[in-house]
Chemist: 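Here it is, the structure, as structure tokens.
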Amino acid sequence: MNNKGPIGIFDSGVGGTSIWRAIQAQMPMEHTLYLADSRNAPYGKKSKAEITALSVKNTEFLIAQGAKIIVVACNTATTNAIDHLRASYDLPFIGIEPAIKPAALQTQTKSIGILATQGTLSSALFAKTSETFAKDIQVIEVIGSGLVELIESDQIQSPEMLELLNKYLAPMKAAKVDHLVLGCSHYPYLIPLISSLLGKGVNIIDSGLAVARQTQRILTQHELLCEQQDPQHLFYTNGNPQVLKRLLADNTAPKQISYKDF
Ligand code: DGL
């Protein structure tokens with residue numbers, strides 16, 4: 001493995017850029033290569049076999065471009081396909097899973113919420129994590145149907161988004177959750193809206209920083225860290241590049257965002 005290669009990152013679409021942001025902030029001198037499989041979003045409603053096949057396709061593309069590590073910046077792909085990926089390829093994989101453990105350890109009300117895709121909530125990996133860390137507390141699980149589609153179509157600030165979030169957060173409020181775990185890498189873009197709806201008492205947990213730190217640890221272990229003079233950030237999407245461009249407009253790192261048929 002060449003330590004000069006990029007950190008490869010993929011998601012079903014634009015949401016994993018929330019993870020990319022944390023990685024770029026944590027390791028600003030690394031090259032990154034981000035793949036948004038927006039044409040196939042949402043993954044959340046697909047079968048485990050379909051999610052695995054798409055994850056293999058994305059992985060093959062990133063490896064062909066010289067990625068030295070792959071970050072699966074998608075809870076749905078991690079919980080359904082990461083075991084298969086790790087068994088099939090030699091390079092290290094970092095995954096993202098809903099952060100149930102910190103929420104379960106910190107809750108005072110003994111009630112936490114989790115908002116995630118159907119694919120994540122029904123996965124065996126999620127069931128195992130939940131059983132291990134949250135068996136003595138109340139976990140309100142809600143499927144965020146439609147949220148990914150609205151983010152993918154540039155409708156974060158829309159009446160439809162507000163309506164869906166109001167509906168999904170109602171059972172969380174009723175159950176007095178004091179922690180809300182965001183179990184989908186698209187959802188950090190909804191934090192301002194979610195916190196305005198839930199109010200100050202609820203701690204919203206997303207896993208971006210934890211994933212970035214783990215990526216750095218594993219790169220260090222494999223002696224793959226590299227400080228580039230001129231770090232490149234390439235973004236490929238098989239959807240509309242404008243959505244990625246707008247979502248990343250506030251980030252000042254120089255980047256190239258383009259359409260690619262992968
Ligand atoms: N961003 C993804 C996740 O973290 C996938 C959402 C989807 O495509 O359904 O689960």
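Order of listing sets the numbers, starting from 1, for every ligand and every atom in it. Start at 1 with the first residue, then count along the sequence.
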Chemist: Heavy-atom distance to atom 2 (C) of ligand 1: which of Gly119, Ser207, Cys74, Gly15 wins?
Modeler: Cys74

Chemist: Please report which non-hydrogen protein atom sits nearest to atom 3 (C) of ligand 1, along with the residue it belongs to and the distance in Å to one decimal place.
Modeler: Asn75 N, 3.3 Å

Chemist: What are the atoms of ligand 1, with element, lying closer than 4.0 Å to any heavy atom of Gly44?
Modeler: 7 (C), 8 (O), 9 (O)

Chemist: Write out the residue and atom name of the closest protein heavy atom to atom 7 (C) of ligand 1, then the distance separating them to 0.1 Å.
Modeler: Tyr43 N, 3.3 Å

Chemist: Any donor-acceptor pair under 3.5 Å linking the side-chain atoms of Thr78 with those of Glu97?
Modeler: no

Chemist: Treating Tyr187 as the side-chain partner and Asp206 as the backbone partner, does any N or O pair qualify as donor plus acceptor under 3.5 Å?
Modeler: no

Chemist: Find all atoms of ligand 1 within a distance of less than 4.0 Å from any non-hydrogen atom belonging to Thr117, and give their numbers and elements.
Modeler: 6 (C), 9 (O), 10 (O)

Chemist: How far is atom 1 (N) of ligand 1 from the closest protein heavy atom, and which atom is that?
Modeler: His186 ND1, 2.7 Å

Chemist: Can a salt bridge be assigned to the pair Glu30 and Lys68 using a cut-off of 4.0 Å between side-chain N and carboxylate O?
Modeler: yes

Chemist: So, Arg39 side chain and Phe262 main chain: donor-acceptor pair closer than 3.5 Å or not?
Modeler: yes

Chemist: Just jot down the side-chain contact (heavy atoms from CB on, under 4.5 Å) partners of Ala77, sequence neighbours excluded, or say none.
Modeler: Phe10, Tyr43, Ile51, Ser55, Val72, Cys74

Chemist: For the residue pair Trp20 and His233, does the interplanar ring angle fall in the parallel (under 30°), tilted (30 to 60°) or perpendicular (over 60°) class?
Modeler: perpendicular

Chemist: With heavy atoms under 4.0 Å as the rule, classify the contact between Cys184 and ligand 1 as side chain, backbone, both or neither.
Modeler: both

Chemist: Could you see which bit of Val148 sits under 4.0 Å from ligand 1, with heavy atoms only: side chain, backbone, both or neither?
Modeler: side chain

Chemist: Does at least one non-hydrogen atom of Ser185 fall below 4.0 angstrom from an atom of ligand 1?
Modeler: yes

Chemist: Cut-off 3.5 Å, side chains only: do Asp178 and Asn203 have a donor facing an acceptor?
Modeler: no

Chemist: If the cut-off is 4.0 Å to any non-hydrogen atom of Thr76, which atoms of ligand 1 fall inside it?
Modeler: 3 (C), 5 (C), 10 (O)

Chemist: Heavy atom under 4.0 Å from ligand 1: found in Ile96's side chain, backbone, both, or neither?
Modeler: neither

Chemist: Taking atom types as modelled and ignoring hydrogens, do the side chains of Gln214 and Arg217 form a donor-acceptor contact shorter than 3.5 angstrom?
Modeler: yes

Chemist: Can you report which non-hydrogen protein atom sits closest to atom 5 (C) of ligand 1, along with the distance?
Modeler: Ser12 OG, 3.2 Å

